[in-house]
Number of protein chains: 2
Amino acid sequence: MEQYEHTCMIRGDGGRAIRGILDRICDKWTMLIVATLDEGRMRFTHLHQHIPGISQRMLTLTLRNLERDGLVSRTAYAEVPPRVEYALTDRGKSLIPPALALARWAIEHSNDIQASRDTYDTQDG
Amino acid sequence: MEQYEHTCMIRGDGGRAIRGILDRICDKWTMLIVATLDEGRMRFTHLHQHIPGISQRMLTLTLRNLERDGLVSRTAYAEVPPRVEYALTDRGKSLIPPALALARWAIEHSNDIQASRDTYDTQDG
DNA sequence: GAGGCTACTTACGGTTCGTAACCATCGGGA
DNA sequence: TCCCGATGGTTACGAACCGTAAGTAGCCTC
């Protein structure tokens, strides 16, 4: 129970604060953007090309949220054509180890999970 | 780039497999359910009471997905009133360390992130 | 025989997401 | 002069997802 107090129910707000953070961190694209930016500062188009499946819209929205949370910095250069660079802040970099831990878990268990899904889906539906 | 290959772009499917796993793990409730079940096997109602804010509907749906992925086992007893117990499988337990790492990060940075959000929101909107 | 316990399921309205198209700016070429 | 392309978005719209609240099934108690 003690560990759990530190992960979910912390400090009597019913875990609302923590859930607010986890909801943002654990959405569809945040992890991938953070992991990609770990390589260094990057332009919008470069991010778009390197994160398979993301749309411009979701890239924009997720980057804005990351900027709002102080995890990513946005630098716009007054050039033509425009240039905007994104980079992890120190706080953003501190997210990398736990994010990678989770990603590694996903990779390690990806085959087994897929197999479980297939079994589950073919049983009856 | 090498680390990234192992987190996002792995094995030429454009990262689709990994994203499929991460999308499921990183949804709104999965982490909290897994963290809660770390305490031991639990009944539906107990889970419902201990995860602040979750609805019966989302608890049912998320548990079903966890079962499908082989992370949670479901045991129904033919009693009246009905009794259904959920527990982490070994695979589910293996998710605990990375999940806790992420939760700890969220807790450590929760205040700073909230402050950043407030600043961002009051700047102009 | 009305109501409660448990574990769901369903209906429905609102939010979020994905796709695709559009926009603004400026330089360069015809 | 006019159109094109590059870049970094924004907008429109239909589909998918989520939360709220109510309903369901079986048996027990009052």
Side-chain angles (χ1 to χ4, degrees), chain A residues 14-16 19-33 36-37 41-69 72-87 117 120-121 123-125, chain B residues 14-16 19-33 36-37 41-69 72-87 117 120 124-125:
Chain A
R16 231 160 271 139
R19 268 189 299 131
I21 307 291
L22 280 179
D23 282 359
R24 180 67 64 211
I25 299 305
C26 292
D27 71 0
K28 199 171 172 55
W29 297 112
T30 297
M31 287 286 199
L32 292 175
I33 291 181
T36 305
L37 280 174
R41 54 176 47 242
M42 258 180 222
R43 302 180 61 170
F44 184 89
T45 304
H46 193 212
L47 276 168
H48 188 213
Q49 290 165 347
H50 278 66
I51 299 176
I54 198 170
S55 64
Q56 284 191 326
R57 184 183 124 91
M58 289 317 296
L59 183 53
T60 303
L61 291 176
T62 310
L63 282 171
R64 239 178 258 315
N65 278 323
L66 284 169
E67 196 192 350
R68 185 168 96 106
D69 288 352
V72 157
S73 67
R74 178 180 186 278
T75 316
Y77 298 88
E79 298 176 0
V80 170
R83 180 161 62 101
V84 179
E85 286 188 347
Y86 294 91
R117 286 182 187 177
Y120 188 97
D121 292 346
Q123 265 166 17
D124 36 278
Chain B
R16 232 159 268 139
R19 267 189 298 133
I21 308 290
L22 281 179
D23 282 359
R24 179 70 62 212
I25 299 305
C26 291
D27 71 1
K28 199 171 174 53
W29 298 112
T30 297
M31 287 285 199
L32 291 174
I33 292 181
T36 305
L37 280 175
R41 54 175 47 242
M42 259 181 221
R43 301 180 61 173
F44 185 88
T45 304
H46 193 214
L47 276 168
H48 189 213
Q49 290 166 349
H50 278 67
I51 299 176
I54 197 170
S55 64
Q56 284 190 328
R57 184 182 124 90
M58 287 319 293
L59 182 54
T60 304
L61 290 176
T62 310
L63 282 171
R64 235 176 263 314
N65 278 323
L66 284 169
E67 196 193 349
R68 186 167 94 106
D69 288 353
V72 158
S73 67
R74 177 182 186 277
T75 316
Y77 298 89
E79 299 175 358
V80 169
R83 182 159 62 101
V84 180
E85 288 188 344
Y86 294 92
R117 285 182 186 178
Y120 187 96
D124 39 278

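Sequence lines set the chain letters: A, B, ... in the order given, protein chains first and strands last, and positions in each chain run from 1. Because the structure is predicted, anything quoted here is derived from the model rather than measured.
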In whole angstrom, what separates [X]'s [atom1] from [N]'s [atom2]?
X	N	atom1	atom2	result
A/Tyr86	D/dT7	OH	P	15 Å
B/Arg43	C/dC8	CZ	P	11 Å
B/Leu59	C/dT6	CG	P	14 Å
A/Asn65	C/dT16	CG	P	10 Å
A/Leu63	D/dG9	CG	C1'	11 Å
A/Glu85	D/dG8	CD	C1'	13 Å
B/Phe44	C/dT9	CZ	C1'	10 Å
A/Arg83	C/dG27	CZ	P	16 Å

Q. To the nearest 10 degrees, how far apart in direction are the end axes of the helix from C/dG1-D/dC30 to C/dA30-D/dT1, each fit to five base pairs?
A. 40°
**Q.** Side chain B/Thr30, main chain B/Arg24, donor-acceptor under 3.5 Å
**A.** yes
Q. For C/dT25, does OP1 or OP2 lie under 4.0 Å from any side-chain N or O of A/Tyr77?
A. no
Q. Under 4.0 Å between a side-chain N/O of A/Arg74 and OP1 or OP2 of D/dG9, yes or no?
A. yes
Q: Anything under 30° is parallel, anything over 60° is perpendicular, the rest tilted; go ahead and classify A/Phe44 against A/His48.
A: tilted
(Q) On DNA chain D, does the nearest nucleotide to A/Arg64 precede the nearest nucleotide to B/Pro82 from the 5' side, or the other way round? Give the residue. (A) A/Arg64
Q: Would you indicate which nucleotide in D/dT7, D/dG8, C/dT6 comes nearest to any side-chain atom of B/Pro81?
A: C/dT6
Q: Kindly point out which of D/dT10, C/dT6, D/dG8 is positioned nearest to the side chain of A/Thr60?
A: D/dT10
Q: Would you indicate what B/Thr45 reaches in the nucleic acid, counting non-hydrogen atoms under 4.0 angstrom: base, sugar-phosphate, or nothing?
A: sugar-phosphate
Q: Check step by step if side-chain contact (heavy atoms from CB on, under 4.5 Å) holds for A/Leu37 and A/Val72.
A: CA-CA 9 Å; A/Leu37 280 174; A/Val72 157; 3.7 Å; yes
Kindly give the atom pairs (protein nitrogen or oxygen, nucleotide nitrogen or oxygen) under 3.5 Å for nucleotides 16-22 of chain D.
from   : atom 1 : to      : atom 2 : distance (Å)
D/dG19 : OP2    : B/Trp29 : NE1    : 3.4
D/dG19 : N7     : B/Arg57 : NE     : 2.9
D/dG19 : O6     : B/Arg57 : NE     : 3.3

